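These notes are about the structure you will find just below.
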There are 2 protein chains.
Amino acid sequence: MVHREAHARRPSIHDVANSAGVSAATVSKVLQGVATVKPENVQRVFDAVALLGYRIDPLASDLRRAKRRIIGAIVPEFESEFFGSMITQLERLAEQRGYALVAASSRESEAREKEILARMHDWRVSGVVLAPVRNEHGPAAGFMKKNGMTGVLIDRVLADDAFDTVSADSVSASAEVARELVERGHRHILVLGLGEQAATVRARLESFRERALQLAPDTRVDVILSESDVEPLRSSLRDYFAKGERPTAVYSLFLRGTLVALSEFRRRGWHCPNDISLVGFDDAEWMQVTWPAIAAVVQPVRQIAIQAMDVLFRRIEGGGGPPIARLEPCKVLMRESVGSPGNGPHSGGGKRQ
Amino acid sequence: MVHREAHARRPSIHDVANSAGVSAATVSKVLQGVATVKPENVQRVFDAVALLGYRIDPLASDLRRAKRRIIGAIVPEFESEFFGSMITQLERLAEQRGYALVAASSRESEAREKEILARMHDWRVSGVVLAPVRNEHGPAAGFMKKNGMTGVLIDRVLADDAFDTVSADSVSASAEVARELVERGHRHILVLGLGEQAATVRARLESFRERALQLAPDTRVDVILSESDVEPLRSSLRDYFAKGERPTAVYSLFLRGTLVALSEFRRRGWHCPNDISLVGFDDAEWMQVTWPAIAAVVQPVRQIAIQAMDVLFRRIEGGGGPPIARLEPCKVLMRESVGSPGNGPHSGGGKRQ
DNA sequence: ATGAAAGCGCTAACAC
DNA sequence: GTGTTAGCGCTTTCAT
């Protein structure tokens, strides 16, 4: 019986070669599945591998091959369901192709985003899936281009002339939300957004407004945008309500906005949908179990991940052609937080509780 | 002007050496901060580095040093706020010490957990932070021990004789929840749990029951445990209520249980806290903004991460001694979902709406 | 069919 | 102080 001590050096390919009575080159061939090795030796190698518990060091292997089977993924935060499941999906897809996924959080900082990208470049990753903090024109994208990295931009991006992009079709979804609200009779709607993501948020907003006005020209669409943080949004919203504004519905263009809206409703004693209706962009597990359930636009996380990895690997394998811009359709789930204005027992807006 | 083409090979240490007119060894020394290099050459090296945009290949560097500055982190899922911020914290702490964090999700599978661990072993990570799917006795922990990996177990663990452990003091927290509920007059309380995590869940449960009975011996504590999945819990709970059981409070030992409880309350038209009180183990952002806000035990994520990394690096640097078992205190936040039985307008339990 | 030799990018010993 | 040499663990010519 051969017993390796727990802390002994891990067996290298040479240990296997010795044990099998062949050269390291032969071991390598067997392990790569090269067919030109005598069956007997193949057997001896496998036996030695099993005996020693040998496993290839993937990093050393990659070093020699001058190609690392690593995909980098960068997201603005790990804390949200959306990016959490995005990473889960990307990990799954990378592993399916024999790559490891290395994920990192930019923590909503463009500066950090670029640093992480530089680190991934240092690691010589084969490709990167980047969910930029702001949009496709940030310093990180510039870094990628300048250094000839191959990568795909997802989520907070529009079409780009330098990179493939994949994102949720939030523009169509926003139009659909507009239709749902207007059809229910809402004519005064407040839209909440975070301005930093500029183009994407603006696109959602315009799409929403356009459809609403098209269906009912007398619709009033108010907008509160906060530049970068969510707290200013909260105070703007508070001021807005304090002025006496009483929209019958709120559409929040991002998840935290939905939370802010909910908490401000609470603060004023308003209940959905009787006092006000609410729809949020981005779904979350809890939205279906609270009372009332919150209507939401569900992003196709899985589809985005699949398409992103698909195009990424095409590029990695040398596929050429102009950048692709994919848009994956969302689902709009009208839950109980949405009703018709004037139908609730509390409409007219007196405070409650 | 020297312009590198975007796709040119990245400069190696030899390119820098040539450009600076010194040897690769000298470049290495300068970059490692070895003081015994002539200032003039230091300057030449830095100039060459800047000129070529050179950066060390950390993986090649680690290969030679026979020590990879990589920490592995394994969590059961990326989708939750808890593990999401855990990873964020761990990443921050690892980077602080010049290590990269490589995170992976075991997707609640012990088999996969072990595979990931094997992969991290292949990568020769310096250490691992493992949040096991089930507990400290799983195959993954066995693998770590057998292979002499250095690691710390967190979250779903009790003290262990092979590894350092860090987790939330959910036992004390559960006793505190018991006190809060009993003091408010609750004498019939239902506890919801997931049995898979065995020891930890049992410990919370026992601690809760013990304190409740100690404070009020006539307290009735019902328990619904589901073995592994959350759906069976839902049906058990549904049956339980269908039988006519009417506890005045529910304590869920895990987040999804809280969601299940909420949705079953909704199904029956019960509202918190008037019809029933609810406390959940594990806090989430949305719990403060829904109406009513949900009472929760807040886990000290940050503290757990800090302590875990602290002890992990002590081991990595060769620190000996017996395994440490750290327990970090939780906060119990009694929000509006908790009231006193019999005080609400709807007590007595008629269905509503 | 196989192994010796070279080398991926880097660092550590050890001469000088 | 600095360069030469050797080698981390692996793969890949290229002779044989």
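What you are looking at is a predicted structure, and each value in this text was computed from that prediction instead of being measured. Computation of the quantities below employed the complete heavy-atom set of this structure, encompassing side-chain atoms and omitting hydrogens, waters and symmetry-equivalent molecules. Numbered from 1 within each chain, the chains take letters A, B, ... in sequence-line order.
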Give the ring-plane orientation class for Phe78(B) versus Phe78(A), where under 30° counts as parallel, over 60° as perpendicular and anything between as tilted.
parallel
Give Ala66(A) one of three labels, base, sugar-phosphate or nothing, depending on what nucleic acid heavy atoms sit under 4.0 Å from its own.
nothing
Counting the atoms with a prime plus P, OP1 and OP2 as sugar-phosphate, which does Ile56(A) contact under 4.0 Å by heavy atoms, base, sugar-phosphate, or nothing?
sugar-phosphate
I want to check one thing: is the phosphate of [N], taken as OP1 and OP2, less than 4.0 Å away from some side-chain N or O of [X]?
| X | N | answer |
| --- | --- | --- |
| Thr26(B) | dT2(D) | no |
| Ser12(B) | dG9(C) | no |
| Ser61(A) | dG9(D) | no |

What nucleotide, of [options], holds the atom closest to the side chain of [X]?
| X | options | value |
| --- | --- | --- |
| Lys38(A) | dG1(D), dA1(C), dC10(D) | dA1(C) |
| Asp57(A) | dG3(D), dC10(D), dA1(C) | dC10(D) |
| Arg9(B) | dG9(C), dG3(C), dT2(D) | dG9(C) |
| Ala25(B) | dT11(D), dT4(D), dT2(D) | dT4(D) |

For DNA chain D, whose closest nucleotide is more 5', that of His14(A) or that of Asn41(B)?
Asn41(B)
Quick one: on DNA chain D, does Ala24(B) or Thr36(B) contact a more 5' nucleotide (nearest heavy atom)?
Thr36(B)
Return the value, rounded to whole Å, for the distance between atom [atom1] of [X] and atom [atom2] of [N].
| X | N | atom1 | atom2 | result |
| --- | --- | --- | --- | --- |
| Lys29(A) | dA1(C) | NZ | C1' | 8 Å |
| Arg55(A) | dG9(D) | CZ | P | 17 Å |
| Ile13(A) | dT11(D) | CD1 | C1' | 8 Å |
| Gln32(B) | dC10(C) | CD | C1' | 9 Å |
| Arg65(A) | dG9(D) | CZ | P | 18 Å |
| Arg64(A) | dG9(C) | CZ | P | 10 Å |
| Leu63(B) | dC10(D) | CG | C1' | 8 Å |
| Tyr54(B) | dG9(C) | OH | C1' | 7 Å |

For Arg92(A) and Ser105(B), what are the C-alpha separation, side-chain angles and deciding distance, and is it a side-chain hydrogen bond (donor to acceptor under 3.5 Å, both in side chains)?
CA-CA 9 Å; Arg92(A) 193 174 53 77; Ser105(B) 163; over 6 Å; no
Sort out for me which residue in Arg69(B), Arg68(B), Arg124(B) forms a side-chain hydrogen bond (donor to acceptor under 3.5 Å, both in side chains) with Asp62(B).
Arg69(B)
Is Arg156(B) salt-bridged to Glu108(B), going by a charged N under 4.0 Å from an acidic O?
yes
In terms of side-chain geometry, is the basic nitrogen of Glu79(A) or Arg107(A) positioned less than 4.0 Å from the acidic oxygen of its partner?
no
